[in-house]
Protein chains: 2
Amino acid sequence: MPVRAAEQTAAYQVVARELRTAILRGTYRDGVRLPTEAELADHYRVSRQTVRRAFHDLVSEGMVYRVPGRGTFAAVRDGQYLRQIGSVEDLMSLSVDTMMEVVTPLQRRVDVDAAGRLHLGADVVHSVVFRRLHDDVPFCITTVCLPPHIAALLVGAPEVASAGTVSDATIIGLLDPHLTDPIAQAEQSITAAAASPSLAASLGCNTGDAVLRIDRLYMTITDVPVELSISYFLPEHYSYRVRLRRTLR
Amino acid sequence: MPVRAAEQTAAYQVVARELRTAILRGTYRDGVRLPTEAELADHYRVSRQTVRRAFHDLVSEGMVYRVPGRGTFAAVRDGQYLRQIGSVEDLMSLSVDTMMEVVTPLQRRVDVDAAGRLHLGADVVHSVVFRRLHDDVPFCITTVCLPPHIAALLVGAPEVASAGTVSDATIIGLLDPHLTDPIAQAEQSITAAAASPSLAASLGCNTGDAVLRIDRLYMTITDVPVELSISYFLPEHYSYRVRLRRTLR
DNA sequence: CGTTATTTGTGCGTATGTATT
DNA sequence: AAATACATACGCACAAATAAC
């Protein structure tokens, strides 16, 4: 059988993507049965194998679970945005299905604490505040602080120039091509906090609600700090997932 | 084509398991290239598709990465992903300077959610609740759920037999010597929550305070769940720190 | 610089097994 | 017992990336 020529995205990825967004949008609520392989194959005009390939990806993402003889069921709890994170690459690819909306554009600011954590001599940093959205629902507010000489690399970037701008960028993704030394590591600290009034307003929750706080310090291979980001996540829409593996000896 | 009759573990799982163990044992270090699909198919006397199926699992686990035209390469390096409190070893050695105090001893319980996450058919689990103390200050409450056949390994253990018992043990450390398959991986989910009244009483904080919630599902190398632990941490006394590294190629 | 061999990626057909309804 | 639905396995054809010549 011939194969479609020069197709950009594979058929199974199209199917997986549509089902994934449908589940996240709540078309299939928690535990609801999805169409069968045969039905989906018929609908998308692909073979059953291609549908299976798509389902296999969704299973390993934890989006659905399957029971032989019964069917395939949505596994998302409360529409929570889940993502497996375990490397800097994962952080950089955060933009594939989330949007960034600028709240406060990139500007000069005095911040002793941030400057100290960036190993700067002076107290001046440049910072930008943005929300991150998934399916138009905000789930995170992030403040990014940069040393002045790093911020200079972003002067022309429209993604961080004015409030309200929406893009699918990440700061680290914008920076990376311009850096001589690539970003090679990040130190993360994860804790819980109560939402401040302004935070609650931006995220659409109540003051005092429990939120997840993640601080990240990105560094080059030579341990030079490049970016400090402080993010507050809504726990209803986000949880941080990691897979740990033991080396057998 | 005929299929082998009544095979217990699927052929692709056998292949995946052997490759996984070989990588974790260091047979394929660093970015060493693995045998090609054709070679492995020949070696295991299976079709190329079956080898591909195995590789697909290993890719989604992050064990290997593949490059079209070049080959398949081992992706696990020593301490590549997570340091500090980030590896399974660190979780097991959590007891070095903390004490465990039993709140509710190990007992049989019905918990549909926990049973589901442990991939059990029935709804019965065995669970134990304990506080973790550092310098006599409680900073964490943990509920551990075990499948019945695993809990049976702890029947004689005094560390979990009665409320009030204080020891420097960890559940995983108590279990590990008795398991046929060693614990090789864990899936973690980290989020924030508000302290319930009982939680607040045990931890010495106020109801509604923001606490860090960490769920861990420990599994053997064959993906069999062994233990589910749900912990609530006081953010003042604990933050989860991870160092992420980028794999430069 | 093109050609060729190697290697992984995609897509589909077929057959059969197993679990559920 | 039969129908339904997912699971496994193999085969084939062709595409695309890479490397060697």
Q: Show the numbers, then the answer: is there a side-chain hydrogen bond (donor to acceptor under 3.5 Å, both in side chains) between Ser231(A) and Thr142(A)?
A: CA-CA 4 Å; Ser231(A) 301; Thr142(A) 303; 2.9 Å; yes

**Q.** Arg117(B) with Asp215(B): basic N within carboxylate O range, under 4.0 Å
**A.** yes

Q) With respect to the phosphate group of dT8(D), does any side-chain polar atom (N or O) of Tyr12(B) fall under 4.0 Å of OP1 or OP2? A) yes

Q. Rounded to the nearest Å, what distance is computed from the CG atom of residue Leu58(B) to the P atom of nucleotide dG9(C)?
A. 12 Å

Q | Leu34(B) CG - dT6(C) P separation (whole Å) | A | 20 Å

Q) What's the OH-P distance between Tyr65(A) and dC6(D), to the nearest Å? A) 13 Å

Q) Do the side-chain N or O atoms of Arg52(B) get closer than 4.0 angstrom to the phosphate oxygens (OP1, OP2) of dT8(C)? A) no

Q: Can you spot which of Glu227(B), Glu187(B), Gln188(B) makes a side chain to side chain donor-acceptor pair (under 3.5 Å) with Arg216(B)?
A: Gln188(B)

Q. Given dA5(D), is OP1 or OP2 found less than 4.0 Å from the side-chain N or O atoms of Thr72(A)?
A. no

(Q) Rounding to an integer number of Å, can you tell me how far Arg45(A) CZ sits from dG11(C) P? (A) 16 Å

Q: Check whether the side chain of Arg48(A) and the base of dG11(C) form a donor-acceptor pair under 3.5 Å.
A: no

Q | Identity of whatever pairs with dT14(C) - Watson-Crick or G-U, under 3.5 angstrom | A | dA9(D)

Q: Please name the residue in the list Thr50(A), Leu34(A), Leu19(A) that meets the side-chain contact (heavy atoms from CB on, under 4.5 Å) test with Leu40(A).
A: Leu19(A)

Q) Just how far, in rounded Å, is C1' of dT8(D) from CD of Glu37(A)? A) 12 Å

Q | Distance below 4.0 Å between Thr50(A) side-chain N/O and dG11(C) OP1 or OP2 | A | no

(Q) Heavy-atom nearest nucleotide on DNA chain C for Arg70(A) versus Arg53(A): which residue maps closer to 5'? (A) Arg53(A)

Q) Roughly, in whole Å, what's the span from CD in Glu39(A) to P in dT4(D)? A) 11 Å

Q: Please report, rounded to the nearest Å, how far the C1' atom of dT10(C) is from the NE2 atom of His56(A).
A: 16 Å

Q. Any side-chain N or O of Arg66(A) under 4.0 Å from OP1/OP2 of dA5(D)?
A. no

Q | Donor on one side chain, acceptor on other, Arg66(A) and Thr72(A), under 3.5 Å | A | yes

Q: Can you tell me the distance, in whole Å, between the CZ atom of Phe73(B) and the P atom of dA17(D)?
A: 16 Å

Q) Does any donor-acceptor pair link the side chain of Gln49(A) with the base of dT14(C) at a separation under 3.5 Å? A) yes

Q. If you find the nucleotide of DNA chain D closest to Thr36(A) and the one closest to Ser47(B), which residue's nucleotide is nearer the 5' end?
A. Thr36(A)

